[in-house]
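Let me begin by presenting the structure, written as structure tokens, before commenting on it.
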Amino acid sequence: MAISEATRGELAELAARYPRPRSAVLPMLHLVQSVEGEVTTDGIHACAEILGITPAEVTAVSTFYTMYKRKPVGTHHIGVCINTMCGLLGGDAVYAALQERLGAGHDQPTADGMFWLERIECQAACTHAPVMTVDWEFMDDVTPASAIDVIDRLERGEVVQSTRGPAIRSFAATERSLAFPDDGLADEGSSVDDKMLAGLRVARERGQAAPAIPSGQEG
Amino acid sequence: MTITSNTGAEVAKAETIAVTVDGVGIEVPKGTLAIRAAELLGIEIPRFCDHPLLDPVAACRACLIEVEGMPKPQPACAQVLSDGMQIRTQQSSPVAREAQEGVMEFLLLNHPLDCPVCDKGGECPLQNQAMQVGRPTSRFEEDKRTFPKPISVSAQILLDRERCVSCARCTRFAEQIAGDPMLELLERGAKQQVGTATDEPFDSYFSGNTVQICPVGALTSAAYRFRSRPFDLVSVPTTCEHCASGCSLRTDSRRGTITRRLAWEDPAVNEDWNCDKGRFAFTYMAQGRITTPMVREDGALRPASWPEAIAIAARGLAQAGSGAGVLAGGRLTMEDAYGYARFARAVLGTDDIDFRARQSSDEEAQFLAARIAGTPATVTYEALERAPIVLLVSLEPEDESPIIFLRLRKASRRRPATVVAISPVRTRGMDKMAATWLPAAPGAEAGVLDEIMSGGSLAETSMAELRDRLQAPGAVILVGERAADVPGLLSAVARLADATGAGLAWVPRRAGERGALDAGALAGLLPGGRPLTDADARDAVARAWGIDAGSLPTAAGRHGTPLLQAASRGEVAALLVGGIEFADFPDPSLARAAVTATAFVVSLEQRHTEVTELADVVLPVAVVAEKAGTFLTWEGRPRPFGQVLREDLAMSDAGVLSMIAAELGQPSPGDVPALRRELGSLGPWSGARATTPGVPAQAITARAGITLASWRLLLDSGAMQEGEPHLAATARPTVARLSEATASHAGLAPAALVTVSGPRGSVTLPWEPAEMVDDVVWLPLRSPGCGVFADLGQVVGGEVAITPGGAA
């Protein structure tokens, strides 16, 4: 699909944010995904033209990072962490259940193109392991049943609330937020909860503290 | 402490540091890499990604060494040494040896064992180093990574991804050296692979270098793939015949057939690189060759014996004598050009001689005689690299002298804005050299130079500042052969060089032009830059030639268009013609008429051409691989080379001319050593030179139409690129370029065709918007579907019309 003039304008706006325009290639590729549903060849050319670099250079970046897809992702991106902590605490089972429910394998779309399933790496959310992400928003402490329930509700078009962020929108909306983070949703949901602060509480109770930084090594 | 460099400038001695390699102390310049210090001691550390002319990347990890005080082995290719540093290579460190063996085992995990069918087998750094530092067995028992093979990264360059060790030499070459970052490392981890964008090939004039520097067999050329084994090849050091850059090459042949050519290292000229034309365009040598002498009988050419053909040629030329003319062509070796220069004066007694088979002018001949012929190489590649400013006039180095382009790009990576280019078009090549573009319509260049002299301003560039920069020591002006298109331009160039003290060099396109000039194959000039009109010069030449000085012509003869015009009127009694093509002349029909109207024509040619069809005697001559010789680079640097195909008996031009001279009882040298000896004994001229031309810059009169700008692309319809379809497929497309304003004024639709019309005809081709002077159209001079001289009948700077040419 050809990139519209409006999108080109927004891509140029992103490029103008950085002293070296090519630094903008990551948010620009997210913007491409938000309008194209994937990193298309047209999108790569648009980024290359605006940044004054070659399509090969943009392709190199877009194939290096796993968040950029070269096939249409669909309405929702479903991620399941399968790293050690989440995997052991049930992530593997969640992934297996979703694989069966969606009929899609790793990094693949469903037949109807609505979902994209991906085994993802650590999301730094081990406190709430196992975690699943929907359009990169957290669904904490999932079980096979609760994960399938999320899919069912999304399919029915119901509002699904992230356990720690805004209500689920769509892959396209999230990709747009990754390009333009100022989406006004930063304060939606609770970013810190009791479970996350448990370690700190225990340390305080016991009077534990990190050793002082040796002088000369600060920062 | 200071040392004096060969350019006379004092340079500070580099600061040195003391380091220890395997217990041996050595002093090295500050900033030296560990791998280079080890090399200085003769210690070879294995490496794949390391290349002295590419930025260090430490991608392959094959060069791990132990550095005292560092907890883990370090890559020697990226380890900058500091004073007192102690390093240990695999020679003395078990840690380094184990690390290197481990990396080698790792690199071989996915590498196929297809050496017996791999082009690199036998000359493969991976094969060699695996034998030297690898383990005899691998612990890897899983399936190796495989890919569909090969993929084309361009029409010429093929990639077998499973062989790649991800050293990033090719991608760094593309980005750093060529400035064409269209080859990249894609994907990551186990999937990492070299590749291009989906719909854009590796479009570079220098792509073949990636095949040569690939340390495994991952990159191959369509031209050479599966053609031979390296140990079956006979290799000869040669000089490239395609342009005046003068690359050092290695030509490989097998059973009398050339299989490939490689760039051969020469730090003073081409470093480690060459262009794709020089690398791949050698198949022309086998195309349409003339194998036997031919003479015209009853209107038709028939094969003849050498003695018969020589006798007929000698008789006809002797009859014409001083009424004969010589068109030598610009592709000759210096020895062959000298053969023509000598034959014309000593045997025929004529000075009607020219080597310039292209647009030329009287002003140019005078400029060359005054400033270039027989002068030593002072403006060199090294001088370009150091110059504080290089002003390009009528020269697009990427197309017309690719090694100048690479050197200027190299300079610009360290010092941007070194290069300033006067041109009607801002080109991709200029961007790659970080050049400042000084726009000038074709014909207006001389005015721009005068503007620099007087310190005015143009397009936001301060001319006074430019003039000051040209006055700095080491400043250089490079003027291309296209300057002959513009009356007054070469005069203005000389004027500016004199006023600022900037070094001046003339860059012809063809490999033989500078040698032909210095050999005296131009009317008015004897060998070594001697003016023919100077009695002392004639005496010296006559002595060297063993003839009476009185028998030499004393008045400068005709050249260029006047010579062709005289011949077309039947005023030239005979023509001796070397390798020329009518389509190269600004008026191809005049060149054809000149040959047609001349009563007796002798053609020395390698192949059947339009000239041989019209000739009375055709004498076959050797191609460059069948003879030894010398090319002079644009600098004036001699580049001697040996014969590649040693069993071949084809005779050089000078050899054939020597036979004709002998037939006329005037012995003259015909073999390369004797020609070199005689030419060397003459040496350069130290007497008075011709005066520099003083043609004023022409006033640009406003014209209603469009002005034509043009030059030859590196890869085009040239005869010496025939027979290599993969190379031809990498040529840039034949497109016209216009400014957006000019295009919209002419009513051209985007992505449609444009028709450009001249006095003789028109061409219709796609057009591209470009940053360029308004009311100018740029066309490739001789590309498929667009021959400016032959199709339009217009010269560069002339007026053409543009009209919409329909849908693409």
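Each chain gets a letter, A, B and so on, in the order the sequences are listed, and its residues count up from 1.
A donor atom on one side chain and an acceptor atom on the other are not found under 3.5 Å apart for S204(B) and S207(B).
Ring centroids of Y205(B) and F405(B) are separated by 6.0 Å or more, keeping the two rings apart. A distance of 6.0 Å or more separates the ring centres of F115(A) and H77(A).
The candidate with the highest count of non-hydrogen atom pairs below 4.5 Å against chain B, out of T41(A), I44(A), I53(A), is T41(A). With chain A as the partner, the residue from M182(B), Q192(B), E175(B) showing the most heavy-atom pairs under 4.5 Å is M182(B).
If you measure heavy-atom distances from E200(B) to chain A, the contacts under 4.5 Å come from the side chain alone. Both the backbone and the side chain of T66(A) come within contact range of chain B, judged by heavy atoms closer than 4.5 Å.
Of the possible donor and acceptor atoms, one in the side chain of T427(B) sits under 3.5 Å from a partner among the backbone N and O of M430(B).
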